[in-house]
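What follows is a set of notes on a single structure, which appears directly below.
Naming convention: chains lettered A, B, ... in sequence-line order (proteins, then strands); numbering from 1 in each chain.
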Number of protein chains: 2
Amino acid sequence: MEANYTISIVDKKKSRLKRGILKEMYRLGSRTLAQLAKALHASVPSVTMLIDELASESWVQEIGTGVAQYGRKPALFGLRPGNQAIVVIDISVHDIKLVVFDLTNRVLDRLDVNLRLEDSVAFLEALQGPLEEVAQRIQEKQLKIIGVGCALPGLVDPRTGINYTYKKLNRPEQSLRQLLAESFDAPVYLLNDTKATILGEHRFGLAKGKNHVLSINIDWGVGLGVINNGEILQGLAGFAGELGHIQLQADGELCTCGKVGCLDTLTSASSLIRRVKAGLREGRVSKLAEENFEDIDVELVIDKARAGDELAIDLLTELGNELGKGLSIAVHLFNPELIIVNGVVGKAERLITRPIEQAIDKYCLADFRTKLVIAVSRLGEMAKLCGTQAYVVQCLLDHEEIP
Amino acid sequence: MEANYTISIVDKKKSRLKRGILKEMYRLGSRTLAQLAKALHASVPSVTMLIDELASESWVQEIGTGVAQYGRKPALFGLRPGNQAIVVIDISVHDIKLVVFDLTNRVLDRLDVNLRLEDSVAFLEALQGPLEEVAQRIQEKQLKIIGVGCALPGLVDPRTGINYTYKKLNRPEQSLRQLLAESFDAPVYLLNDTKATILGEHRFGLAKGKNHVLSINIDWGVGLGVINNGEILQGLAGFAGELGHIQLQADGELCTCGKVGCLDTLTSASSLIRRVKAGLREGRVSKLAEENFEDIDVELVIDKARAGDELAIDLLTELGNELGKGLSIAVHLFNPELIIVNGVVGKAERLITRPIEQAIDKYCLADFRTKLVIAVSRLGEMAKLCGTQAYVVQCLLDHEEIP
DNA sequence: GGATATTTTTAAAATAATTTATTAATAGTG
DNA sequence: CACTATTAATAAATTATTTTAAAAATATCC
């Protein structure tokens with residue numbers, strides 16, 4: 001057997017340990033030799049050697065000295081900033097964001113594009129320009145692209161990158177995945193946007209350290225993200241967490257999905273606006289009546305609610321109640337310790353969390369809510385972006401290759 | 001520093017590798033040296049040495065020779081049968097089963113007790129006799145008890161063993177967990193019965209090799225078990241999968257939980273019997289009218305349905321439809337590839353799976369059901385028993401100590 | 001039915017990792 | 001401000017593990 005064909009066990013073990021070091025550093029920032037040795041079940045001299053190698057490969061560097069309550073202070077090692085680039089593309093129905101991260105979660109570059117997601121070939125073509133621009137800028141900065149992540153709405157199978165909702169993005173001649181791979185010449189990972197958000201919250205936000213968390217995002221529909229045992233819940237094909245299309249009203253409205261009385265028809269942003277307008281038409285007193293009818297959007301409704309507008313508060317309460325009712329199902333099925341409210345409605349703070357809490361109190365068994373907390377995200381749009389980046393890093397480091 | 005206080009890295013590593021070998025063997029039966037070496041990322045000589053040690057400690061033994069398409073046939077090693085004992089206690093509202101397993105899933109002993117679970121101190125006292133008897137028999141057979149597992153209904157926190165539904169079992173003076181620990185002098189693991197069942201199906205039944213599975217069990221209530229990514233879904237406190245108490249009818253019946261219109265009120269065994277009797281009172285034609293009113297139970301209804309009785313078939317169809325409606329929520333949230341029907345209603349075969357399928361077709365988005373299969377368990381009561389045993393073995397081997 | 005190719009197993013040599021011992025660094029103490 | 005207790009990092013010695021090589025076993029081919 002030729003020597004080239006056999007990769008020795010030692011090599012593989014070493015590579016696994018190196019990836020382990022990188023994982024620890026990514027997760028916890030800076031680490032001492034002793035901490036790494038403990039985490040990897042290896043001795044300090046071994047870790048020292050591995051760190052030396054990783055440093056010469058410019059993955060890690062000494063960051064400073066740590067604290068010790070008594071003796072000599074340990075040296076701290078961490079990932080080297082500004083070296084490796086991870087490209088994150090956040091595609092939404094409103095706009096597109098392209099953000100370049102390094103391994104220390106620093107933003108190296110950013111490009112926002114006023115392009116709306118639609119299920120067409122034209123969309124992919126329109127995307128090409130911005131992608132090239134970002135690729136160009138990365139090249140100028142002489143960064144090494146190690147991975148590309150893309151968060152987008154719809155039913156996305158992360159194993160194949162196929163989007164079952166926006167089918168035009170999967171054409172074999174020119175798929176979104178291919179387009180990204182060609183633009184950046186690096187491994188590409190696609191992910192549903194809600195799942196990216198909850199991952200961001202788990203790694204960098206309120207859910208940090210918590211292993212059973214739900215996140216809810218109200219936009220065109222209701223998006224539910226689930227962290228179970230510290231991992232994103234994906235299900236067989238990445239469709240898990242589809243709360244928006246469970247039936248809450250047998251005699252409800254027709255949903256875009258073709259079914260009747262879906263949660264989406266009750267609690268989406270568009271349904272809120274619809275109700276506001278209906279309320280105004282009925283002649284209900286509200287500051288919103290002063291606004292241009294066409295300009296009324298969720299943000300405006302929330303602003304008015306915060307200012308004390310009764311109609312806005314009532315309708316927001318109603319939305320929260322419906323949402324809480326739907327969430328209480330998820331609470332029974334996932335038994336979480338925390339629910340995070342993301343997106344625009346989060347700006348309503350207590351005005352949305354309180355009705356949700358109330359509904360959960362009403363519809364959940366007592367044992368499920370004793371330790372349950374409901375909170376509004378502090379990360380905003382960064383949750384999705386950082387989450388996508390974290391997903392890419394996780395995929396890269398779980399894969400057998402790399403350093 | 002004294003030598004006794006430091007456990008060397010080598011020792012820990014060796015112990016981890018040994019546990020890894022036992023895990024592989026438990027999961028896959030018999031393994032060759034090469035297979036183990038690959039799975040453990042170690043060399044063949046290393047594994048040979050570990051196997052020798054495990055053999056001298058009477059954990060494993062040579063089982064025979066494997067197949068090879070060309071050269072020398074490999075020796076197969078496997079767990080040694082009839083040596084270590086795992087005691088499984090299956091507590092249900094009908095009766096209690098005490099089964100002694102070895103590590104190869106062989107039943108070494110069994111005792112069925114006609115005792116009904118109730119939330120009282122008397123129940124624990126009544127349990128003492130049977131426990132002692134089984135402990136006695138194990139001692140006579142000179143088996144070494146390595147773990148005790150107990151599956152029981154209710155909201156069970158597997159970390160603490162506290163049952164939040166049957167609260168009298170948790171008294172600090174005499175809890176179920178303590179009772180079991182004292183009876184068998186081994187680590188005790190408590191687990192919700194539905195979760196034990198799905199684990200059994202995953203390790204030994206239809207769900208083997210499938211990573212995203214639901215199992216449904218209709219008894220006094222509806223029990224949903226979830227396998228996500230090959231692991232039991234527990235949630236924060238082990239309450240996850242509580243499908244029975246989500247509201248399906250806002251104006252429905254009052255449930256035992258105090259809420260209204262729960263799935264349990266529509267699809268439990270007792271509700272089926274109630275409907276059968278109501279149908280008979282209304283004068284509907286049925287073979288069931290010939291039976292003694294008091295003797296009518298689920299099994300009888302299913303027998304008659306299989307014999308073609310219209311009333312029985314209609315009501316079973318209705319039950320399946322309601323159940324399917326509830327399940328379609330779970331399908332949206334978990335995106336499974338398989339749903340297994342357990343328990344008595346499983347005996348109805350197609351008469352229950354077809355209505356469930358129909359409801360899922362109606363209430364689920366198309367992409368969720370393309371790869372979804374619905375099937376009736378082939379394991380029967382052994383699913384729960386073997387599942388509990390598997391859970392104990394998993395807990396023992398994941399723990400840091402042992403061999 | 002013997003030669004060959006393939007695979008497993010064992011033994012010896014080579015390498016890698018851990019331990020132990022030593023040196024370096026730092027905060028508290030008298 | 002030296003001294004001690006404590007912790008970290010490094011170097012040398014020791015122990016484990018892997019590699020390499022060789023032997024044993026067996027199915028296929030001619």
Side-chain angles (χ1 to χ4, degrees), chain A residues 1-21 24-25 30-56 60-78 403, chain B residues 1-21 24-25 30-56 60-78 403:
Chain A
M1 206 182 280
E2 283 181 56
N4 283 357
Y5 284 70
T6 40
I7 301 154
S8 84
I9 291 176
V10 175
D11 289 351
K12 281 193 284 181
K13 201 169 274 180
K14 211 168 179 177
S15 154
R16 215 175 34 254
L17 286 171
K18 278 188 184 179
R19 285 204 317 277
I21 290 176
E24 282 287 305
M25 287 181 172
S30 56
R31 300 271 86 190
T32 69
L33 292 175
Q35 287 171 327
L36 289 169
K38 195 168 184 183
L40 300 171
H41 304 284
S43 66
V44 171
S46 299
V47 174
T48 310
M49 191 201 66
L50 292 169
I51 287 277
D52 284 347
E53 282 184 34
L54 282 169
S56 71
V60 310
Q61 65 181 193
E62 202 173 322
I63 291 245
T65 41
V67 287
Q69 59 160 179
Y70 221 164
R72 176 171 170 177
K73 289 173 182 167
L76 287 175
F77 296 90
Chain B
M1 208 182 280
E2 284 181 55
N4 283 358
Y5 285 70
T6 41
I7 300 155
S8 85
I9 292 177
V10 175
D11 289 351
K12 280 194 283 182
K13 202 169 273 179
K14 211 168 181 178
S15 155
R16 218 178 27 257
L17 286 171
K18 278 187 182 178
R19 285 206 315 278
I21 290 176
E24 281 289 304
M25 287 181 171
S30 56
R31 300 272 84 190
T32 69
L33 292 174
Q35 287 171 327
L36 290 170
K38 195 168 186 185
L40 300 171
H41 304 283
S43 67
V44 171
S46 299
V47 173
T48 310
M49 189 202 66
L50 292 168
I51 287 276
D52 283 348
E53 282 185 34
L54 282 169
S56 71
V60 309
Q61 65 180 194
E62 202 174 323
I63 291 248
T65 41
V67 288
Q69 58 159 181
Y70 221 175
R72 176 171 172 176
K73 289 173 181 167
L76 288 175
F77 296 89

Inter-residue atom distance B:Leu17.CG - B:Leu50.CG, 0.5 Å rounding: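 Result: 5.5 Å between the selected atoms.
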Sugar-phosphate only, base, or nothing, as touched by A:Ala34 at under 4.0 Å among non-hydrogen atoms: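 Touches nothing.
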Touch class at under 4.0 angstrom, heavy-atom based, for B:Lys13 against every strand present: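 The answer is sugar-phosphate, as B:Lys13 gets under 4.0 Å only of primed atoms, P, OP1 or OP2.
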Could you tell me how far apart [X] ([atom1]) and [N] ([atom2]) are, to the nearest whole angstrom?
X: A:Leu33; N: C:dA17; atom1: CG; atom2: C1'; result: 16 Å
X: A:Ile9; N: D:dT20; atom1: CD1; atom2: P; result: 11 Å
X: B:Leu50; N: D:dA16; atom1: CG; atom2: C1'; result: 11 Å
X: A:Lys12; N: D:dT17; atom1: NZ; atom2: P; result: 17 Å
X: A:Arg31; N: D:dA8; atom1: CZ; atom2: C1'; result: 16 Å
X: B:Lys14; N: D:dT15; atom1: NZ; atom2: P; result: 13 Å
X: B:Met49; N: D:dT15; atom1: CE; atom2: P; result: 15 Å
X: B:Asp52; N: D:dA16; atom1: CG; atom2: C1'; result: 16 Å

Nearest-nucleotide pick for A:Ala75, side chain only, options being D:dA9, C:dT9, C:dA16: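 Among D:dA9, C:dT9, C:dA16, the one nearest the side chain of A:Ala75 is D:dA9.
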Listed nucleotide nearest any side-chain atom of A:Pro74, set C:dT19, D:dA8, C:dA16: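 My answer, after comparing the listed nucleotides, is D:dA8.
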Taking side chain as C-beta onward, heavy atoms only, is [X] less than 4.5 Å from [Y]?
X: B:Leu54; Y: B:Lys18; result: yes
X: A:Phe77; Y: A:Ile63; result: no
X: B:Leu76; Y: B:Arg31; result: no
X: B:Arg16; Y: B:Lys13; result: yes
X: A:Ile51; Y: A:Met25; result: yes
X: A:Met49; Y: A:Lys14; result: yes

Backbone of A:Ile21 reached by a side-chain donor or acceptor of A:Glu24 within 3.5 Å: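 Such a contact is absent between A:Glu24 side chain and A:Ile21 backbone.
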Test item: B:Ser15 side-chain N/O and B:Asp11 main-chain N/O as donor-acceptor pair under 3.5 Å: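 No.
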Most 5' of A:Thr48 and B:Val44 on DNA chain D, judged by nearest nucleotide: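 Residue closer to the 5' terminus by nearest nucleotide: A:Thr48.
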B:Ser8 side chain near C:dT19 phosphate (N/O to OP1/OP2, under 4.0 Å):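 For C:dT19, OP1 or OP2 has a side-chain N or O of B:Ser8 closer than 4.0 Å.
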Sequence-aligned protein contact record of nucleotides 25-30 of chain D, with B where the base is within under 4.0 Å of a protein heavy atom and S where only the sugar-phosphate is: BBBS--
Enumerate all atom pairs, one protein N or O and one N or O from nucleotides 11-13 of chain C, separated by less than 3.5 Å.
none

Residue whose closest nucleotide on DNA chain C lies nearer the 5' end, B:Thr32 versus A:Val47: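 This one resolves to B:Thr32.
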Non-neighbouring partners of B:Glu62 that pass salt bridge (Lys or Arg N to Asp or Glu O under 4.0 Å), sequence neighbours left out: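 With neighbours one apart ignored, the set is empty.
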